[in-house]
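Report on one structure; see the data block that follows.
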Amino acid sequence: MRLCALALAMWPAVAGAQTIASAEFVEPTTRYDHGILGDAVEWGGLRFTADGTTYQITLPETHVFEDFEPRLWDLNSDGAPEMVVIETGMARGAALAVYGPEGKIAQTPYIGRTHRWLAPIGAADLDGDGAIEIAYIDRPHLAKTLRIWRFSDGALSHVVDVPGLTNHRIGEDNIAGGIRDCGQGPEMITANADWTRLIATTFVDGRAQTRDIGTHEGRTSFAAAMACDPS
């Protein structure tokens, strides 16, 4: 079964290679009663502009975008971004999905249970092999596990997991941390499981390594870490 479709009755079909310039969620809905982001509203559609034309992807009633905003990340290093979103199957929980102008390109498995969510960290060539990896926290309030997936040839493949990390608390309207590069290569910045410390995680030679980079003192400490501020 196809999980999404272009709303062709409203928007013209995508023809040929297109470059996405902007994207936003539309069609607010309360059909999913999770409210993990601080309110009861999720999204039923993804609207984007490519080469001056506007298109919309509309989800079926069994799905929502359980997210803040689409991320425009260039995952295949061709100079044109893909759209990376949190797409939730209401009976199966969240998944990380990658969309292009013609629809869905790839997706991680759904977590497998309703009212279970994930929080993206970022995308980068974490290990220097030329392929882009995507990192997120699987169930930041429960499992607290960093998962890394590699995007290659239009598909996502699981690489490694790191337990004991998180980047979101129930009700927050933003996700903490991200990926930084302070001159020694990309690092994923999160909190530890009990939100007392900030943790930097690297992925090199097939191995993930973590190090403590200071006390967690709210979003200001995350901002300093992301700015490579040693203080």
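- Leu118 places a side-chain heavy atom less than 4.5 Å from the side chain of Ile86.
- Between Phe65 and Tyr99, the ring-plane angle classifies as perpendicular under the 30° and 60° cut-offs.
- With hydrophobic clusters built from ILVMFWY side chains whose heavy atoms lie under 4.5 angstrom apart, Ile179 shares a cluster with Ile199.
- Put simply, the side chain of Thr190 never gets that close to the backbone of Leu165: no donor and acceptor are under 3.5 Å apart.
- Side-chain N or O atoms of Thr145 include one that pairs as donor or acceptor with a backbone N or O of Ala143 at under 3.5 Å.
- Without hydrogens or angle criteria, Thr29 side chain to Arg31 main chain gives a donor-acceptor distance under 3.5 Å.
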Under the side chain to side chain contact (heavy atoms under 4.5 Å, CB included) rule, what do Phe68 and Phe25 come out as? Steps first, then yes or no, please.
-> CA-CA 8 Å; Phe68 303 103; Phe25 293 125; over 6 Å; no
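- Using a 4.5 Å heavy-atom threshold, the side chains of Gln209 and Thr201 count as separate.
- Side-chain contact between His168 and His141 is present, with at least one heavy-atom pair separated by less than 4.5 Å.
- Counting heavy-atom neighbours within 6.0 Å of Asp78 CG, excluding the residue itself, gives a total above 12.
- Side-chain atoms of Trp117 never come within 3.5 Å of backbone atoms of Leu37 as a donor-acceptor pair (strictly under, hydrogens ignored).
- The backbone N or O of Ala193 lies less than 3.5 Å from a partner atom in the side chain of Lys144, making a donor-acceptor pair.
- At a threshold of 4.5 Å between non-hydrogen side-chain atoms, the residues Pro186 and Thr202 do not count as touching.
- Aromatic ring pairs are classed by plane angle as parallel below 30°, tilted from 30° to 60° and perpendicular above 60°; the pair His115 and His34 is parallel.
- Ion pairing of Glu87 with Lys104 is present here, as a side-chain N (NZ or NE/NH1/NH2) and a carboxylate O approach within less than 4.0 Å.
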Residues Arg219, Glu172; criterion salt bridge (Lys or Arg N to Asp or Glu O under 4.0 Å); working and verdict | CA-CA 11 Å; Arg219 290 299 193 262; Glu172 289 180 333; 2.9 Å; yes
Test side chain to side chain contact (heavy atoms under 4.5 Å, CB included) applied to His63 and Arg92, step by step = CA-CA 10 Å; His63 288 69; Arg92 293 181 287 174; 4.0 Å; yes
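- A donor-acceptor pair is defined here as one N or O able to donate and one able to accept, closer than 3.5 Å; such a pair exists between the side chain of Asp125 and the backbone of Gly130.
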Would Trp149 and Leu96 count as a side chain to side chain contact (heavy atoms under 4.5 Å, CB included) if you check the C-alpha gap in whole Å, the side-chain angles of each, and the deciding distance to 0.1 Å?
-> CA-CA 10 Å; Trp149 294 73; Leu96 195 77; over 6 Å; no
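- Salt-bridge annotation for Arg150 and Asp127: present, with a side-chain N of the basic residue lying under 4.0 Å from a carboxylate O of the acidic one.
- Using a distance-only test at 3.5 Å, with no hydrogens or angles considered, a donor-acceptor pair links the side chain of Asn167 to the main chain of Ala119.
- If you check the side chains of Gln56 and Glu27, you find a donor sitting under 3.5 Å from an acceptor.
- Taking a 6.0 Å sphere around CD of Glu24, one finds it holds more than 12 heavy atoms contributed by other residues, nucleotides or ligands.
- In this structure a side-chain-to-backbone donor-acceptor pair under 3.5 Å is present from Glu133 to Leu126.
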Between Glu187 and Arg211, does a salt bridge (Lys or Arg N to Asp or Glu O under 4.0 Å) hold up when you go through it step by step?
-> CA-CA 10 Å; Glu187 298 178 299; Arg211 64 185 181 95; 2.9 Å; yes
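- Atoms CG and OG1, on Leu198 and Thr215 in that order, are 8.0 Å from each other to the nearest 0.5 Å.
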Asn76/Phe151 under side chain to side chain contact (heavy atoms under 4.5 Å, CB included): CA gap, chis, key distance, verdict = CA-CA 7 Å; Asn76 55 13; Phe151 186 81; 4.3 Å; yes
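- Side-chain atoms of Thr114 come within 3.5 Å of backbone atoms of Met90 as a donor-acceptor pair (strictly under, hydrogens ignored).
- Ring to ring, His216 and Phe222 are close: their centroids are under 6.0 angstrom apart.
- Under a hydrophobic-cluster definition in which Ile, Leu, Val, Met, Phe, Trp and Tyr are linked whenever side-chain heavy atoms come within less than 4.5 Å, directly or via other members, Tyr136 and Leu156 are assigned to the same cluster.
- Heavy-atom neighbours of Asp181 CG from other residues, nucleotides or ligands within 6.0 Å: above the threshold of 12.
- Using a cutoff of 4.0 Å between basic side-chain nitrogens and carboxylate oxygens, Arg197 and Glu217 are not scored as salt-bridged.
- Panel note: side chain Asp205, backbone Arg207; no donor-acceptor pair is recorded below 3.5 Å.
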